[in-house]
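Starting from 1, each residue takes its place in the sequence as its number. Order of listing sets the numbers, starting from 1, for every ligand and every atom in it. This one's a predicted model, so the numbers in the text were calculated from it and none came from an experiment.
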Amino acid sequence: MALRQRLSAALLDHAEPLLHRAYGGRKQVMFADLPDTVLEIGPGPGANLRYYRPGTRLVAVEPSEPARRRLERRARRRRVDLDLHDLAGEGLPFADRSHDVVVCTLVLCSVDDPERVLAEARRVLRPGGRFLFCEHVVAREGTPTRRLQSWLRSPWHWLTEGCHLDRPTGELIAAAGFSGLERHDFCLGPAAGPARPHVWGTAVR
Ligand SMILES: C[S@@+](CC[C@H](N)C(=O)[O-])C[C@H]1O[C@@H](n2cnc3c(N)ncnc32)[C@H](O)[C@@H]1O
């Protein structure tokens, strides 16, 4: 477990430029108008740090120790003021209605209980606060990608430390009780393998 966690954090860290190439255009839109303090669930080694203004206060919950260490280093380089918690998103230690923005990218596939994480994100947002997401989701039934997701489900889950290829995350977000939802669907090229298609957007409390 510890070795897989270290490998996974290192891989994500080194993949940061690739993630930027794949998602950067959409993230630049998504992160265009952020407040001074942002709450991020599962930031890993910090793929989103480049989109935060220097001086941003980033409150983050990240259960992986190797990812936290890498996140701390990257945050120092990016001059992001990090308030980091060794916790999972299923139990946020923050008051109701205490945040303006919650960010979740490529995380709801990996958490144990995505519905619980979404409920927590909604709980800590102020009315009008925004939940920003970018996630890979289950492919349409009957497509080659859907078949690939079924075949690779278990080995992928093991290799990636708990990532579910076949989560209907777009539908889970839609059912999470937000008052507004702007959802965009997209599909990366074949290099993304079974970890596609995707949804990104904003849900408003
Ligand atoms: C695939 S990585 C994505 C990292 C980053 N958000 C990104 O966009 O590159 C998934 C991250 O979610 C974290 N994670 C897993 N379960 C979690 C949970 N229950 N609550 C919060 N984070 C979790 C993992 O430790 C890992 O850092």
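Given atom 25 (O) of ligand 1, the protein heavy atom at minimum distance is Glu62 OE2, 2.5 Å. For atom 20 (N) of ligand 1, the nearest non-hydrogen atom of the protein is Gly89 N, 2.8 Å. Nearest protein heavy-atom neighbour of atom 11 (C) of ligand 1: Gly42 O, 3.7 Å. Of all protein heavy atoms, the one closest to atom 5 (C) of ligand 1 is Pro43 O, 3.4 Å. At the shortest separation from atom 3 (C) of ligand 1 among protein heavy atoms lies Leu106 O, 3.3 Å. Regarding atom 19 (N) of ligand 1, its nearest protein heavy-atom neighbour is Glu90 OE1, 2.8 Å. For atom 2 (S) of ligand 1, the nearest non-hydrogen atom of the protein is Leu12 CD1, 3.5 Å. Taking atom 9 (O) of ligand 1 as the reference point, the nearest protein heavy-atom neighbour is Ala47 CB, 3.5 Å.
The distance from ligand 1 to the heavy atoms of Ile41 drops below 4.0 Å at these ligand atoms: 21 (C). Taking every heavy atom of Ser64 and a limit of under 4.0 angstrom, the matching atoms of ligand 1 come to 25 (O). Heavy-atom proximity to Thr105, at under 4.0 Å, picks out these atoms of ligand 1: 3 (C), 5 (C), 6 (N), 7 (C), 8 (O).
By the 4.0 Å N-to-carboxylate-O rule, Arg146 lies close enough to Glu141 to be salt-bridged with it.
Between Phe178 and Phe131, the ring planes are parallel. Angles under 30° get that label, and only those over 60° would be called perpendicular.
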For the pair Thr105 and Asn48, evaluate side chain to side chain donor-acceptor pair (under 3.5 Å) and give the outcome as yes or no after the intermediate values. CA-CA 8 Å; Thr105 66; Asn48 293 331; 2.9 Å; yes

Tyr51 vs His20, test: ring pair (Phe, Tyr, Trp, His ring centres under 6.0 Å). Steps then yes/no. CA-CA 10 Å; Tyr51 311 104; His20 177 58; 5.7 Å; yes

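Rounded to the nearest 0.5 angstrom, Arg78 CZ and Leu71 CG are separated by 12.5 Å. To the nearest 0.5 Å, the span separating CG on Leu132 from CD on Glu182 amounts to 10.5 Å.
His85 has its ring centre less than 6.0 Å from the ring centre of Phe94.
No donor-acceptor contact under 3.5 angstrom links the side chains of Glu16 and His14, judged on distance only.
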